[in-house]
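Read the numbers this way: they start at 1 and go in the same order the structure lists the ligands and their atoms.
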Amino acid sequence: MRFADWEPHYTAILEYFGFEREADEAAARLLADLAFGRDDVGLLEALIRDKTVTVCGNAPSLPEELDRVEGTVLAADAAAEVLVDHGVRPDAVFTDLDGATDVFVDLSRQGTVMVVHAHGDNIPLLRHWVPLLPGPLVATTQAAPLSHVHNFGGFTDGDRAVFAADELGAARVRIVGFDLSDRDVDPVKRGKLFWARELLHLIGYDL
Ligand SMILES: Nc1ncnc2c1ncn2[C@@H]1O[C@H](COP(=O)(O)OP(=O)(O)OP(=O)(O)O)[C@@H](O)[C@H]1O
Ligand SMILES: Nc1nc2c(c(=O)[nH]1)N=C(CO)CN2
Ligand SMILES: [Mg+2]
């Protein structure tokens, strides 16, 4: 999605949560610095273009849905750890690092592409984890893109993975481990799942 098309949704999200655009922009610049020019978007695209792609969210239902996983596997944040526990190594992990553990470092070492998202509320996590990730890296922002910091559209880790799959030309996108009506989460998370549904609807996914 072009930033001009994304921006009105982004502005509405900032207003809804009271997030600061300037803080998102500062985080994107910091991530660009921490990445030292690393940008493996070509590798991510090769995993996705013309392929069947499964995006795994971290709803409690994920373990029961693993038999539906097919093709290239994109994990949303802590869904990566659930996959690893069930013997599946994701091809890429979309994360703002609030679900990061040493498992992410192991995955990175094994070649999983870490698609790391910068925003105004994860600056300490960026400083901690990005230097520890030895493998392929793609940096993302929800604000205006920079030369090696991409914006494929989307907001939460899960819907951003679906937006990236769409933008990078997946032949088919299968979505598992998404329960966007989950009531068993705190109010902010409920708001985030609300936005995930709105944004996915925009690009033709009704969940
Ligand atoms: N019921 C659900 N509970 C949690 N995550 C869900 C659910 N359904 C879908 N997801 C997707 O799975 C992603 C990863 O979930 P995780 O529990 O790691 O959340 P998170 O890292 O706190 O998410 P975010 O950072 O995007 O707020 C979420 O970003 C969301 O897009
Ligand atoms: N500023 C800010 N941006 C975000 C946040 C967040 O907590 N703060 N959480 C996200 C994933 O849910 C995505 N973007
Ligand atoms: Mg997260």
Side-chain angles (χ1 to χ4, degrees), residues 6 9-31 54-66 68-69 73-85 90 92-101 103-104 107 114-126 128-130 139-144 149-166 173-203 205-207:
W6 165 248
H9 307 290
Y10 173 46
T11 305
I13 290 168
L14 289 173
E15 197 165 313
Y16 180 97
F17 290 102
F19 296 151
E20 298 288 337
R21 185 179 183 131
E22 294 70 25
D24 286 345
E25 290 168 347
R29 289 192 299 271
L30 171 69
L31 179 54
T54 305
V55 176
C56 300
N58 193 37
S61 59
L62 177 61
E64 290 123 60
E65 292 184 73
L66 291 176
R68 297 188 54 236
V69 171
V73 179
L74 308 183
D77 216 341
E81 198 147 344
V82 177
L83 291 168
V84 167
D85 287 346
V93 179
F94 285 69
T95 177
D96 63 353
L97 299 172
D98 57 352
T101 67
V103 168
F104 282 26
L107 285 171
M114 304 307 297
V115 185
V116 175
H117 189 67
H119 61 64
D121 294 297
N122 74 346
I123 286 176
L125 290 170
L126 295 170
H128 176 78
W129 287 105
V130 172
T140 65
T141 176
Q142 58 209 15
V149 185
H150 303 268
N151 184 342
F152 305 113
F155 179 60
T156 74
D157 298 316
D159 62 84
R160 287 200 320 278
V162 178
F163 271 75
D166 243 45
V173 180
R174 178 170 280 202
I175 296 177
V176 304
F178 275 59
D179 173 8
L180 302 180
S181 314
D182 198 344
R183 302 267 124 193
D184 213 11
V185 293
D186 66 55
V188 174
K189 181 78 180 187
R190 200 178 297 179
K192 289 181 176 181
L193 296 180
F194 160 80
W195 274 103
R197 172 177 277 127
E198 291 290 299
L199 297 171
L200 288 172
H201 180 72
L202 268 181
I203 56 167
Y205 297 89
D206 285 309
L207 293 177

For this session: Below 4.0 angstrom from a heavy atom of D24, which ligand 2 atoms are there? Numbered from 1 as shown, please.
Result: 1 (N)
Seminar exercise, completed: Between L126 and A27 the two heavy atoms that sit nearest each other are CD1-O, 4.0 Å
Exercise. Roughly how far, to the nearest 0.5 Å, is the CG atom of D157 from the CG atom of L74?
Worked result: 12.0 Å
For this session: Flag the pair L125 / D98 as yes when at least one side-chain heavy-atom distance between them is below 4.5 Å, and no otherwise.
Result: yes
For this session: Please could you name the atoms of ligand 2 that G120 approaches to less than 4.0 Å, counting only its heavy atoms?
Result: 1 (N)
For this session: Starting from atom 5 (C) of ligand 2, locate the nearest protein heavy atom and write down its residue, its atom name and how far away it is, to 0.1 Å.
Result: H119 NE2, 3.4 Å
Exercise. Looking only at distance, does K192 have an N or O less than 3.5 Å from an N or O of ligand 2?
Worked result: yes
Exercise. Can you name the nearest heavy-atom pair linking I175 to R68, along with the distance?
Worked result: O-NH1, 3.6 Å
Exercise. Can you tell me the protein heavy atom closest to atom 8 (N) of ligand 2 and the distance?
Worked result: D121 OD2, 2.7 Å
Exercise. Would you say D157 and ligand 2 have an N/O pair spaced under 3.5 Å apart?
Worked result: no
Problem set entry | Atoms in ligand 2 flagged as close to D96, the criterion being non-hydrogen separation under 4.0 Å | 9 (N), 10 (C), 11 (C)
Exercise. Are S181 and L193 close enough that some pair of their side-chain heavy atoms sits under 4.5 Å apart?
Worked result: no
Problem set entry | Any residue meeting side chain to side chain donor-acceptor pair (under 3.5 Å) with D24, in chain and number order, not counting sequence neighbours | Y10, Q142
Exercise. How does Q142 reach ligand 2, by side chain, by backbone, by both or by neither, if only non-hydrogen atoms under 4.0 Å count?
Worked result: side chain
Exercise. Can the ring centroids of Y16 and W195 be said to lie less than 6.0 angstrom from one another?
Worked result: yes
Exercise. Which atom pair, heavy atoms only, marks the closest approach of H119 to D96?
Worked result: NE2-OD2, 3.0 Å
Problem set entry | With sequence neighbours excluded, residues passing ring-ring contact (aromatic ring centres under 6.0 Å, His included) with H150 | F152
Exercise. Take atom CG in D85; do more than 12 heavy atoms of anything else shown fall under 6.0 Å from it?
Worked result: yes
Exercise. Which atom pair, heavy atoms only, marks the closest approach of N151 to G153?
Worked result: OD1-N, 2.8 Å
Problem set entry | Polar protein atoms (N, O or S) that approach the Mg ion (ligand 3) to under 2.8 Å | D77 OD2, D96 OD1, D98 OD1, D157 OD2
Exercise. Where do L199 and F163 come nearest, in terms of heavy atoms and distance?
Worked result: O-CZ, 3.4 Å
Exercise. Where on F155 is there a heavy atom closer than 4.0 Å to ligand 2, on the side chain, on the backbone, on both, or on neither?
Worked result: both
Exercise. For ligand 1, what is the set of protein residues having any non-hydrogen atom at a distance below 4.0 Å?
Worked result: G57, N58, A59, A76, D77, A78, D96, D98, T156, D157, G158, D159, G177, F178, D179, L180, D182, K189, K192, L193
Exercise. Near E15 CD, under 6.0 Å, is it more than 12 heavy atoms from other residues, nucleotides or ligands?
Worked result: no
